[in-house]
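Everything below concerns the one structure shown next.
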Amino acid sequence: MAAPTDSQINQMTNFILNEAKDKAEEISAAALQDFSAAKSKQLGELQQNITQSYATKVKKMETSRAIEKSTAVNKSRLQKIRLRQDVLGQISKLAEEELSAKLKSESEMGGFLTKLIAQGLLMLVEDDVQVRCRAADDKIVSGIMKAAADEYSKIIQGETGATKTVKLSLASEKLRADGLGGVVLACQNGTITIDNTIDSRLGLVMEQAKPRIRKLLFDA
């Protein structure tokens, strides 16, 4: 009776051991599967983080380069504008020097002022006009007032057939001494003025000539 009992015990023991082994293998397989899944997930997240970090760095580099490029382009453009302005300033300065040298002669200045006054009178068409000039030009202006008034009347007569005269007087208010000269005509108690100074005329000519100067000097 003992032998069968031992055999049964051995069978039961082996069954339990096999069951335990199978269960251990099952648990081990499940654990390995969970580990693989966790590892895969972690690797995926790590890869995604690295990709995002790299993309962010690339984006920052691209933005930085774009800013640097824009800054360099703007700097170059501003430098070009400054250089062009310097050239235009030099041209204006040369024109001033040439005019100043030419108008040092009283006869040249007198003829020039006569034309400036006559032109201003044609814009005003007034009976009583005051002439402002530099203090240094008082003598010249006083000497050419009649000629300027006569020129004005002659042009009016020729263009319209009407007889028109004007009374000119030298204004006490003077133009700045360091200017190129010329005249400012005033009437109606100084409420209406015509700026025919050489400085303003030169500035107007330079402004109108800028497109042509730019084309001649900078288009190439």
Side-chain angles (χ1 to χ4, degrees), residues 81-220:
I81 290 172
R82 281 195 298 269
L83 290 173
R84 289 184 175 185
Q85 288 300 114
D86 288 344
V87 171
L88 291 172
Q90 290 172 18
I91 293 173
S92 180
K93 186 66 176 175
L94 289 172
E96 287 181 13
E97 291 173 355
E98 186 173 342
L99 277 172
S100 182
K102 185 177 181 180
L103 296 175
K104 280 183 178 180
S105 164
E106 286 193 8
S107 62
E108 288 283 352
M109 179 63 89
F112 196 62
L113 291 177
T114 300
K115 292 178 182 178
L116 291 179
I117 294 173
Q119 288 173 3
L121 291 174
L122 289 170
M123 286 186 277
L124 291 174
V125 193
E126 290 283 336
D127 297 329
D128 194 346
V129 176
Q130 296 79 47
V131 182
R132 302 173 190 167
C133 63
R134 297 181 303 183
D137 297 329
D138 278 354
K139 181 181 176 181
I140 298 175
V141 172
S142 296
I144 53 94
M145 278 186 180
K146 185 179 184 308
D150 289 344
E151 179 71 14
Y152 162 72
S153 298
K154 180 181 177 181
I155 295 173
I156 291 290
Q157 179 74 36
E159 294 291 331
T160 68
T163 300
K164 185 74 175 174
T165 60
V166 61
K167 178 185 175 183
L168 292 177
S169 58
L170 194 62
S172 58
E173 184 180 348
K174 300 302 174 187
L175 302 181
R176 60 190 182 90
D178 60 344
L180 294 173
V183 293
V184 171
L185 304 184
C187 62
Q188 303 292 334
N189 295 319
T191 57
I192 301 175
T193 60
I194 296 293
D195 187 345
N196 248 0
T197 59
I198 298 173
D199 300 87
S200 67
R201 294 295 292 268
L202 178 59
L204 180 61
V205 169
M206 284 297 300
E207 191 63 32
Q208 292 174 341
K210 276 182 181 180
R212 180 168 175 76
I213 293 173
R214 289 194 182 101
K215 185 176 180 62
L216 289 172
L217 296 181
F218 307 130
D219 276 5

Whether N196 side chain and V183 backbone form a donor-acceptor pair below 3.5 Å: no

Side chain to side chain, E151 and L121, heavy atoms closer than 4.5 Å: no

A side-chain contact here means heavy atoms from C-beta on lying under 4.5 Å apart; do V131 and V184 qualify? no

Side chain to side chain, M145 and L170, heavy atoms closer than 4.5 Å: yes

Taking S92 for its side chain and L88 for its backbone only, find out whether a donor-acceptor pair lies under 3.5 Å. no

Is it the case that atom CG in N189 sees more than 12 heavy atoms from other parts of the structure closer than 6.0 Å? no

With rounding to the nearest 0.5 angstrom, report the CD to CG distance, E108 to L113. 11.0 Å

Looking at R176, I want to see if its CZ is surrounded by more than 12 non-hydrogen atoms of other residues, nucleotides or ligands under 6.0 Å. yes

Within this structure, what is the SG-CD1 distance for the pair C187 and I192, rounded to the nearest 0.5 Å? 4.5 Å

Say whether, by atom type as modelled, one donor and one acceptor occur between the side chain of S142 and the main chain of K139 under 3.5 angstrom. no

Could D195 and R201 be called an ion pair, given the rule that one side-chain N must be under 4.0 Å from one carboxylate O? no

Nearest 0.5 angstrom please: D137 CG to E106 CD, how far? 9.0 Å

Would one find more than 12 heavy atoms of other residues, nucleotides or ligands at under 6.0 Å from atom CD of Q157? yes

What distance do S107 atom OG and I144 atom CD1 have between them, rounded to the nearest 0.5 Å? 13.0 Å

Test item: V125 and Y152 side chains (from C-beta on) under 4.5 Å apart, heavy atoms: yes

Mind listing the closest non-hydrogen atom pair of L202 and A95 along with its distance? CD1-CB, 3.9 Å

Determine whether S100 and L180 make a side-chain contact, defined as any pair of heavy atoms from C-beta on separated by less than 4.5 Å. yes

Can you confirm whether L122 sits close enough to I156 that some side-chain heavy atom of one is under 4.5 Å from a side-chain heavy atom of the other? yes

Interatomic distance, E173 atom CD to T193 atom OG1 [nearest 0.5 angstrom]: 9.5 Å

May I ask you to decide whether K146 forms a salt bridge with D150, counting only side-chain N to carboxylate O separations under 4.0 Å? yes

Between A171 and Q130 the two heavy atoms that sit nearest each other are CB-CB, 4.0 Å

Spacing of Q85 atom CD and Q90 atom CD [to the nearest 0.5 Å]: 11.5 Å

Greater than 12 external heavy atoms within 6.0 Å of E97's CD: yes

Is the backbone of G179 close enough, under 3.5 Å, to the side chain of R134 for a donor and an acceptor to pair up by distance? yes

Minimal heavy-atom distance between A148 and A118, with the atoms involved, is O-CB, 4.1 Å

Does E126 form a side chain to side chain contact (heavy atoms under 4.5 Å, CB included) with V166? I'd like the steps, not just the answer. CA-CA 7 Å; E126 290 283 336; V166 61; 5.7 Å; no

Which atom pair, heavy atoms only, marks the closest approach of A147 to T114? C-CG2, 4.1 Å

Say whether D199 and T197, considering side chains only, have a donor N or O and an acceptor N or O under 3.5 Å apart. no

How close do R132 and G190 get, heavy atom to heavy atom, and via which atoms? NH2-CA, 4.3 Å

